[in-house]
Amino acid sequence: QVQLVESGGGLVQAGGSLRLSCVASLRTFSSYAMGWFRQAPGKQRELVSGIRASGSTVYTNSVKGRFTVSRDNSKNTVYLQMSSLKPEDTAVYYCAAGTLYYSPDYWGQGTQVTVSS
């Protein structure tokens, strides 16, 4: 029943921008914390950003100043605006939902983001 559907991934040149979207079929979307994670080949999964139900946000240091997380509760959607992209941002990006943004209960399928040099 619960489904997170992501979109917006793709190939972009270094310095470019992408906006990821995630639509969640949660009965009370506004009460959930949402997180964005990424995993590059041969590396551990990493929390990129989180947004609490209150709207407060958190970012890993490597993306601060470049990425912005937001949510639109009327659309059951969370966004990750990524700017000034670097090759090291290349990874599969996952949307997730739960009581805690850093320990989610539900996951999306992942979307590939590739940044070329």
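Because the structure is a prediction, the values reported are computed rather than measured.
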**Message:** Please check: side-chain N/O of S25 versus main-chain N/O of Q1, any donor-acceptor pairing under 3.5 Å?
**Reply:** yes
Connected via hydrophobic side-chain network under 4.5 Å: L20 and Y94:
no
Smallest heavy-atom separation, A40 atom then A91 atom, equals N-CB, 3.8 Å
So CG of L4 and CE of M34: to nearest 0.5 Å the spacing works out to 5.5 Å
Taking atom CD of Q13 as the centre, report whether more than 12 heavy atoms of other residues, nucleotides or ligands fall under 6.0 Å from it. no
Per side chain to side chain donor-acceptor pair (under 3.5 Å), Y93 is matched among R38, Q112, Q39 by R38
Q: Keeping the roles fixed (side chain from S21, backbone from S7), state whether a donor-acceptor pair exists under 3.5 Å.
A: no
- Task: Before giving the answer on side-chain contact (heavy atoms from CB on, under 4.5 Å), spell out for F67 and L85 the whole-Å C-alpha distance, their side-chain angles and the decisive distance to 0.1 Å.
- Result: CA-CA 9 Å; F67 290 12; L85 283 161; 3.9 Å; yes
task: Just say parallel, tilted or perpendicular for the rings of F37 and W107, cut-offs at 30° and 60°.
output: tilted
Rounding to 0.5 Å, atoms CD (Q109) and SG (C95) come to a distance of 9.0 Å
Practice item. Could you tell me whether the side chain of K86 reaches within less than 4.5 Å of the side chain of S62, counting heavy atoms only? Key: no
- prompt: Would you say M82 and R19 make side-chain contact, with heavy atoms under 4.5 Å?
  reply: no
dist N76:CG -> R27:CZ (nearest 0.5 Å) comes out at 12.0 Å
#### Entry: Any side-chain donor near an acceptor of the partner, T90 and E88, under 3.5 Å
no
Worksheet item: Looking at side-chain heavy atoms only, is the closest gap between Y59 and S49 below 4.5 Å?
Response: yes
Check: Do K75 and V23 have side-chain heavy atoms sitting under 4.5 Å apart?
Finding: no
Quick one: does Q81's side chain get under 4.5 Å of S17's, heavy atoms only? yes
Please assess V58 against Y101 for the test side-chain contact (heavy atoms from CB on, under 4.5 Å), listing each intermediate value before the final yes or no. CA-CA 9 Å; V58 64; Y101 67 83; 3.3 Å; yes
Problem set entry | V12 with V63, same ILVMFWY side-chain cluster at under 4.5 Å | yes
### Message
Quick check: do N73 and F29 have side-chain heavy atoms less than 4.5 Å from each other?
### Response
yes
query = Between T60 and L47, is any pair of side-chain heavy atoms under 4.5 Å apart?
reply = no
Practice problem: Report the C-alpha distance between L18 and V113 in whole Å, list the side-chain angles of each, state the deciding distance to 0.1 Å, and finish with yes or no for side-chain contact (heavy atoms from CB on, under 4.5 Å). | Solution: CA-CA 9 Å; L18 284 173; V113 172; 3.9 Å; yes
- Message: Taking V78 as the starting point, is it possible to reach V5 by hopping between hydrophobic residues whose side chains are less than 4.5 Å apart?
- Response: no
Q) With side chains defined as the heavy atoms from C-beta onward, is the minimum distance between I51 and Y79 less than 4.5 Å? A) no
dist W36:CH2 -> E6:CD (nearest 0.5 Å) comes out at 5.0 Å
